[in-house]
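Report on one structure; see the data block that follows.
A note on names: the letters A, B, ... follow the listed sequences, proteins ahead of strands, and every chain is numbered from 1.
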Amino acid sequence: MYLSLQNRLVKHVRAFLKQKYNVDLTNIVVEQPPKIELGEFALPVCFELARSLRKAPRKIADEIVVEMSLPEGFAKFEVAGAGYINARLDRSSAAALIARDLPNGEAGPTPTRGKVLVEHTSINPNKAAHIGHLRNSILGDTLVRLLRAAGYAVDVQNYIDNTGVQVADVVVGFEKIAKKSRAEIAELIAGSEGRFDYYCWDLYAQVSQWYGQDKANLEARRDTLHALEVGGNETAETAQLISMAVLRRHLETMQRLDIEYDFLPQESDILHLHFWAKAFELLKQAGVLYYEKEGKNKGCWVMTRPGRAKDDDAPEGPDEDAKVIVRSNGTVGYVGKDIAYHMWKFGLLGLDFGYRKFYEYSDGRPVWISCDPKDGEAEHPHFGGVDAIYNVIDARQSDPQETVKQAILLMGHESEAARYTHFSYEMVALTPRCAMELGYEVSEEDQQKNYIEVSGRKGFGVKADDLLDKLIEAAKSEVDARHGELTEDERREISTQIAIGALRYFMLKFTKQSVIAFDFREALSFEGETGPYVQYAVVRASNIFRKAEVAPEDVLKIDALKTVLAADAFAGNDDIWSLWLAAGQTAKVVEQCIATTEPAALTKHAFQLAQQFNNFYHKHHILTEEDPGRKALLLATAAIVRRELIATMAVLGIPTPAVM
RNA sequence: GGGAGCGUAGCUCAGUUGGAUAGAGCAUCUGCCUUCUAAGCAGAGGGUCCCAGGUUCGAAUCCUGGCGCUCCUACCA
């Protein structure tokens with residue numbers, strides 16, 4: 001509602017300024033006044049006009065306010081401060097609009113804005129997921145929900161690097177350290193009570209140490225990596241057994257947080273289906289890659305770096321700063337594979353995967369995985385060839401991401417490159433205190449730091465499932481204390497919902513570029529600016545309707561509202577009206593989050609709305625209100641806030657418990 | 001060396017395209033549970049927005065130069 005009225009206002013003012021002063025402002029700034037008493041919108045436009053019109057801002061504002069007509073839905077223009085024009089809404093009619101807003105629920109509107117692809121999670125399938133991976137998946141999943149709420153069709157992909165050095169390492173671990181046959185590994189997968197990824201976590205850390213013991217041990221890594229890339233051998237089959245088992249664990253872990261995927265492209269298929277060979281030809285044809293004959297990169301196929309201007313510096317000799325795509329021994333680096341994969345994403349490669357089902361969610365929806373087309377199912381959805389892509393990948397990979405984007409741009413695909421978004425975010429690290437609490441040895445030097453980077457290689461970090469378990473237990477002890485009347489299962493379900501709310505909110509409340517220094521005390525908090533705080537506000541609202549024995553939906557029906565929203569309903573009720581106004585901004589905030597690729601703004605919205613509601617809840621006792629008209633207004637207010645909170649939480653992936 | 005990011009209250013962080021008195025949570029202190037649930041509410045204290053210039057009617061925000069911290073930059077992935 002807020003957004004559409006704002007657009008209407010801007011259009012109206014722009015037309016007026018053109019007609020009156022013959023100035024055409026393309027970007028008219030609209031703000032919200034610091035206090036609701038000053039109106040709903042503030043226009044600082046007169047400050048800008050002061051210069052060209054050679055008049056004091058306040059004078060211009062006076063003229064405009066007197067002469068400009070009111071757009072539909074607006075009640076008044078006023079001059080304020082040193083020259084602001086403040087606009088007041090006709091509150092009752094605006095409230096009716098808010099009530100009619102379609103909630104941005106889980107299902108979202110039917111897609112009308114094209115198809116986009118979001119890649120997130122993409123954890124190396126060789127160990128358990130940790131808190132850093134959780135940030136990726138939660139950010140990615142929330143981006144998916146934002147896009148769907150805004151009317152995009154979204155495919156969710158989780159890239160599986162099953163032929164990389166990390167998988168090779170854990171394979172080496174099974175062969176050289178654990179000394180397990182493939183049959184024994186299969187047994188372990190079946191018998192490890194759903195925590196095979198934990199076993200790999202420890203083993204992977206041991207392998208890193210083992211490499212350190214003797215440099216000759218690194219040969220095992222090299223040989224294994226080569227075997228995985230070639231495929232069709234014993235080692236590769238063992239690796240696939242391991243990586244698919246770990247992948248299943250990752251899917252299960254993420255499912256606990258209500259995070260789901262559509263498609264799992266495997267690196268092994270990119271190799272075996274010769275995506276790179278095709279891409280290499282196209283890149284050579286387009287002149288994006290060139291063969292370096294001199295300097296340190298002699299014998300390699302290289303690409304000019306994005307920042308590098310071709311004619312400026314480096315007048316003579318080879319560009320030593322160029323990015324090596326194909327090594328002098330003829331093998332391709334991972335950036336090359338990534339270029340091929342991204343050409344496929346945009347439908348620019350002319351090749352496709354085969355598809356088969358890999359996993360099934362509780363509602364029966366399948367997750368598809370790539371395969372050789374001859375092994376694939378005949379009937380499958382179409383992935384790839386989308387309008388825009390978002391890659392949720394941490395900030396340390398900015399450089400290779402830029403390279404891939406640059407390759408697509410240099411091939412002449414300008415619009416694709418423009419719709420290639422590296423959704424970059426900072427890592428999750430542990431505070432030194434947290435690391436020591438977990439029993440890790442922390443050096444003197446590290447103790448002085450604000451945070452210490454987690455490392456799967458060292459086995460240093462907090463596992464995702466452990467954190468979730470811990471959160472559920474913490475929530476459970478609260479729920480047990482408060483709701484003895486519920487069954488064990490009911491209490492566990494609510495505790496899980498609270499844990500998910502706390503975790504998702506925690507990961508989303510920081511802006512992307514902020515490093516999260518993880519600390520259990522903060523993450524386990526259910527008070528203040530947290531997910532449970534927002535959930536609690538909804539529970540409070542729900543309790544009112546339960547005791548009043550009315551459905552919140554019925555209160556918001558047009559007929560019911562007609563009498564409630566009488567012309568003077570909000571007169572003298574600034575606090576109540578500001579709650580309506582805040583509730584009407586969900587769609588605006590969703591759009592803002594997409595435009596800035598920053599979901600944190602939505603957590604802010606949820607928190608502020610919940611906070612305002614708690615304030616309202618405390619101040620107005622609804623059920624004991626004796627004036628029926630007043631009571632109806634208060635009920636409608638609770639209903640509208642409850643609806644918008646639930647919708648906002650759905651976009652954040654936060655469930656709404658029945659009781660708390 | 002080159003590139004990217006950051007520096008705001010004791011701590012952790014917000015701060016829209018430059019706008020009205022710089023905000024929130026935590027922590028500290030003071031009140032409020034016989035009420036629709038206190039996982040809550042009200043209030044108090046707490047600021048050289050890293051420093052110095054500049055642009056502007058107006059700067060935490062934009063520009064320049066410092067200082068400090070982090071990451072990236074390899075024929076690893």
Could you state the [atom1]-[atom2] distance from [X] to [N], rounded to the nearest angstrom?
X: A:L471; N: B:rA39; atom1: CG; atom2: C1'; answer: 14 Å
X: A:N543; N: B:rU35; atom1: CG; atom2: P; answer: 14 Å
X: A:E402; N: B:rG2; atom1: CD; atom2: P; answer: 19 Å
X: A:R521; N: B:rC11; atom1: CZ; atom2: C1'; answer: 8 Å
X: A:N614; N: B:rA39; atom1: CG; atom2: C1'; answer: 10 Å
X: A:D399; N: B:rC72; atom1: CG; atom2: P; answer: 10 Å
X: A:K449; N: B:rC11; atom1: NZ; atom2: P; answer: 20 Å
X: A:K604; N: B:rC13; atom1: NZ; atom2: C1'; answer: 7 Å

Residues which pass side chain to side chain donor-acceptor pair (under 3.5 Å) with A:N614, listed by chain and number, not counting sequence neighbours: A:Y533, A:R540

Are [X] and [N] close enough that a side-chain N or O sits under 4.0 Å from OP1 or OP2?
X: A:N450; N: B:rC69; answer: no
X: A:Y533; N: B:rC41; answer: yes
X: A:K547; N: B:rU37; answer: yes

Selection residues 43-60 of chain A - residue pairs positive for side chain to side chain donor-acceptor pair (under 3.5 Å), sequence neighbours left out: A:K55-A:E63

Closest to the [X] side chain: [options]?
X: A:F510; options: B:rC13, B:rA74, B:rA20; value: B:rC13
X: A:N297; options: B:rA38, B:rC75, B:rU70; value: B:rC75
X: A:I544; options: B:rC36, B:rG25, B:rU73; value: B:rC36
X: A:V659; options: B:rU37, B:rC13, B:rC75; value: B:rU37
X: A:Y536; options: B:rU35, B:rU37, B:rC75; value: B:rU37
X: A:R540; options: B:rA20, B:rU37, B:rU73; value: B:rU37
X: A:L623; options: B:rC36, B:rG15, B:rU70; value: B:rC36

Where at least one partner belongs to residues 475-485 of chain A, residue pairs that pass salt bridge (charged side-chain N to carboxylate O under 4.0 Å, His left out), sequence neighbours excluded: A:K476-A:D480, A:K476-A:E488, A:E478-A:R482, A:D480-A:R491

Output every pair passing salt bridge (charged side-chain N to carboxylate O under 4.0 Å, His left out) with a member in residues 514-530 of chain A, not counting sequence neighbours, ordered by first then second residue. A:R433-A:D519, A:E529-A:K604

Looking at every non-hydrogen atom in both residues, tell me the closest pair between A:A639 and A:P552 and how far apart they are. CB-O, 3.7 Å

Check: [X] side chain, [N] base, donor-acceptor under 3.5 Å:
X: A:N86; N: B:rA20; value: yes
X: A:N27; N: B:rU17; value: yes
X: A:E522; N: B:rU12; value: no
X: A:S328; N: B:rC75; value: yes
X: A:K35; N: B:rU21; value: yes

Assign each of A:F607 and A:V335 to its nearest nucleotide of RNA chain B by heavy atoms, then name whichever residue's nucleotide is nearer the 5' end. A:F607

Please compare A:Q32 and A:K323 by the position of their nearest nucleotide in RNA chain B and report the one closer to 5'. A:Q32

Given that both distances must come in under 3.5 Å, which nucleotide forms a Watson-Crick or G-U wobble pair with [N]?
N: B:rG40; result: B:rC32
N: B:rU21; result: none
N: B:rA4; result: B:rU70
N: B:rA14; result: none
N: B:rG65; result: B:rC51

Any base atoms under 4.0 Å from A:V589, or only sugar-phosphate, or nothing? Heavy atoms, all strands. nothing

If we check side-chain hydrogen bond (donor to acceptor under 3.5 Å, both in side chains) with A:H620, which of these qualifies: A:T637, A:D575, A:N615? A:D575

In A:H422, A:Q397, A:H342, the residue satisfying side-chain hydrogen bond (donor to acceptor under 3.5 Å, both in side chains) with A:N391 is A:H342

Base of B:rC49 relative to its sugar, syn (within 90° of 0) or anti? anti

Is the distance between the ring centroids of A:Y617 and A:Y536 less than 6.0 Å? no

Would you check if the distance from the ring center of A:Y341 to the ring center of A:Y159 is below 6.0 Å? yes

Whole-Å P distance, B:rC69 and B:rU28: 32 Å

Nucleic acid footprint by protein, nucleotides 57-62 of chain B - heavy-atom cut-off 4.0 Å, B for base, S for sugar-phosphate alone: B-----

If we require ring centres under 5.5 Å and near-parallel planes under 30°, does A:Y617 stack on B:rC36? yes

For A:D161, give me all partners under salt bridge (charged side-chain N to carboxylate O under 4.0 Å, His left out), at least two apart in sequence or on another chain. none

